[in-house]
Amino acid sequence: MKKELLDSYFLNLENFLSKQKKSNKDFYPPQSLIFKALLEVPPNKVKVIILGQDPYHGPGQAEGLSFSVPNGIKRPPSLRNIFKELSSDTGAPFKSLENNSLLSWTNQGVFLLNSVLTVSHGSPASHSGIGWEQFTDAVINKLNDEYANLVFILWGAYAQKKANFIDTKKHLVLYSSHPSPFSAHRGFLGSKVFSKTNSYLIKKNKTPINWLSVKAE
């Protein structure tokens, strides 16, 4: 992604965040975690891409991975619905899914990427349109072009815009409504996205994801 980092749009994005910081305007995640999703999974290890919109906008929630929050932080409604579907899909008791951090998924090749990588305190989608979408479009383009047999999970209309960059002859694309309480009942709950993903990975001779690694040890 070095080419993107030197592009004028990315320099403008950096200037925007620098001004936010100088003005003491809180944004999330902390600077050290903005690129955590890209740092946790080497490109050649990616098996599954779960696309979100932008980070959680409350203190201590965003940790640089889409839909994930640190353990010990109150579970956001979207993550609660993700675990409801995981419980339904796998038969695991919902109460056993005690970890809120999805870091154990990234260790298995699940790339938890938001379309927009930062957000202002208490203001969802506040950093959309400043350049992040162009950057994450380029990330998706790279994965699409250079690898095969990936699973792209697109939850909600915002994430589904990225479908334009995905070759469905090379990859599996799974669509549903967003896991937010406002839309989860319109196709997310009951989608069996986790078992469908693993069925595809097994078919392509890849190790399936242990989605239940979020259970407490």
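Reckoned from all heavy atoms, side chains included, excluding hydrogens, waters and symmetry mates.
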Side chain to side chain donor-acceptor pair (under 3.5 Å) partners for [X], two or more places apart:
{"X": "His121", "value": "Tyr28"}
{"X": "Asp26", "value": "none"}
{"X": "Tyr56", "value": "none"}
{"X": "Arg75", "value": "Asn100"}

Tell me the side-chain hydrogen bond (donor to acceptor under 3.5 Å, both in side chains) pairs involving residues 8-23, sequence neighbours left out?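 Those involving residues 8-23 are Glu4-Tyr9, Lys21-Gln31.
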Among pairs that include at least one residue of residues 63-73, which meet side-chain hydrogen bond (donor to acceptor under 3.5 Å, both in side chains), considering only residues two or more places apart or in two chains? Glu63-Ser68, Glu63-Ser101
Counting C-beta onward and ignoring hydrogens, is there a side-chain heavy-atom pair between [X] and [Y] closer than 4.5 Å?
{"X": "Trp105", "Y": "Ile50", "answer": "yes"}
{"X": "Asn81", "Y": "Trp155", "answer": "no"}
{"X": "Phe135", "Y": "Leu117", "answer": "yes"}
{"X": "Lys36", "Y": "Leu103", "answer": "yes"}
{"X": "Val110", "Y": "Lys47", "answer": "no"}
{"X": "Glu133", "Y": "Val116", "answer": "yes"}
{"X": "Val151", "Y": "Ile49", "answer": "no"}
{"X": "Leu113", "Y": "Ile140", "answer": "yes"}

Determine yes or no for a side-chain-to-main-chain donor-acceptor pair under 3.5 angstrom, with [X] supplying the side chain and [Y] the backbone.
{"X": "Asn149", "Y": "Lys204", "answer": "no"}
{"X": "Asp89", "Y": "Phe194", "answer": "yes"}
{"X": "Gln160", "Y": "Ser176", "answer": "yes"}
{"X": "Ser87", "Y": "Phe83", "answer": "no"}

Identify whether [X] and [Y] are in the same connected component of the hydrophobic contact network (ILVMFWY, side-chain heavy atoms under 4.5 Å).
{"X": "Leu212", "Y": "Ile209", "answer": "yes"}
{"X": "Leu65", "Y": "Val41", "answer": "no"}
{"X": "Leu97", "Y": "Ile153", "answer": "yes"}
{"X": "Trp211", "Y": "Ile202", "answer": "no"}
{"X": "Phe111", "Y": "Val214", "answer": "no"}

[atom1] of [X]: more than 12 outside heavy atoms within 6.0 angstrom?
{"X": "Lys206", "atom1": "NZ", "answer": "yes"}
{"X": "Lys170", "atom1": "NZ", "answer": "yes"}
{"X": "Phe182", "atom1": "CZ", "answer": "no"}

Do Thr136 and Lys162 have side-chain atoms, one donor and one acceptor, less than 3.5 Å apart?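 Short answer, yes.
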Can a donor-acceptor pair be found between the side chains of Ser104 and Ser213 at a distance below 3.5 Å?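 Per modelled atom types, Ser104 and Ser213 side chains form a pair under 3.5 Å.
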In terms of the angle between their ring planes, are Phe10 and Trp132 parallel, tilted or perpendicular, with boundaries placed at 30° and 60°? perpendicular
From [atom1] ([X]) to [atom2] ([Y]), nearest 0.5 Å:
{"X": "Leu102", "Y": "Leu79", "atom1": "CG", "atom2": "CG", "result": "5.5 Å"}
{"X": "Gln53", "Y": "Ser180", "atom1": "CD", "atom2": "OG", "result": "10.0 Å"}
{"X": "Ser115", "Y": "Gln134", "atom1": "OG", "atom2": "CD", "result": "13.5 Å"}
{"X": "Lys3", "Y": "Leu6", "atom1": "NZ", "atom2": "CG", "result": "9.5 Å"}
{"X": "Ile130", "Y": "Leu13", "atom1": "CD1", "atom2": "CG", "result": "4.5 Å"}
{"X": "Lys84", "Y": "Phe188", "atom1": "NZ", "atom2": "CZ", "result": "10.5 Å"}

Of the non-hydrogen atoms in [X] and [Y], which two are nearest, and what is the gap between them?
{"X": "Pro124", "Y": "Val119", "result": "CA-CG2, 3.9 Å"}
{"X": "Ser177", "Y": "Ala184", "result": "OG-O, 3.8 Å"}
{"X": "Pro76", "Y": "Gln61", "result": "CG-NE2, 4.1 Å"}
{"X": "Thr197", "Y": "Leu174", "result": "OG1-CD1, 3.5 Å"}
{"X": "Gly60", "Y": "Ile73", "result": "O-CG1, 3.5 Å"}
{"X": "Leu150", "Y": "Tyr200", "result": "O-CE2, 4.0 Å"}

Using the side chain to side chain contact (heavy atoms under 4.5 Å, CB included) criterion, which residues pair with [X]? Sequence neighbours excluded.
{"X": "Lys161", "value": "Tyr158"}
{"X": "Pro43", "value": "Tyr147"}
{"X": "Pro42", "value": "Asn44, Lys45"}

Partners of [X] by ring pair (Phe, Tyr, Trp, His ring centres under 6.0 Å), sequence neighbours excluded?
{"X": "His178", "value": "Phe67"}
{"X": "Phe152", "value": "His171"}
{"X": "Phe16", "value": "His127"}

May I have the step-by-step check of side chain to side chain contact (heavy atoms under 4.5 Å, CB included) for Phe27 and Ile34, ending in yes or no? CA-CA 10 Å; Phe27 63 85; Ile34 290 174; 4.3 Å; yes
Can Ser191 and Glu85 be said to form a side chain to side chain contact (heavy atoms under 4.5 Å, CB included), step by step? CA-CA 8 Å; Ser191 63; Glu85 178 56 26; 4.0 Å; yes
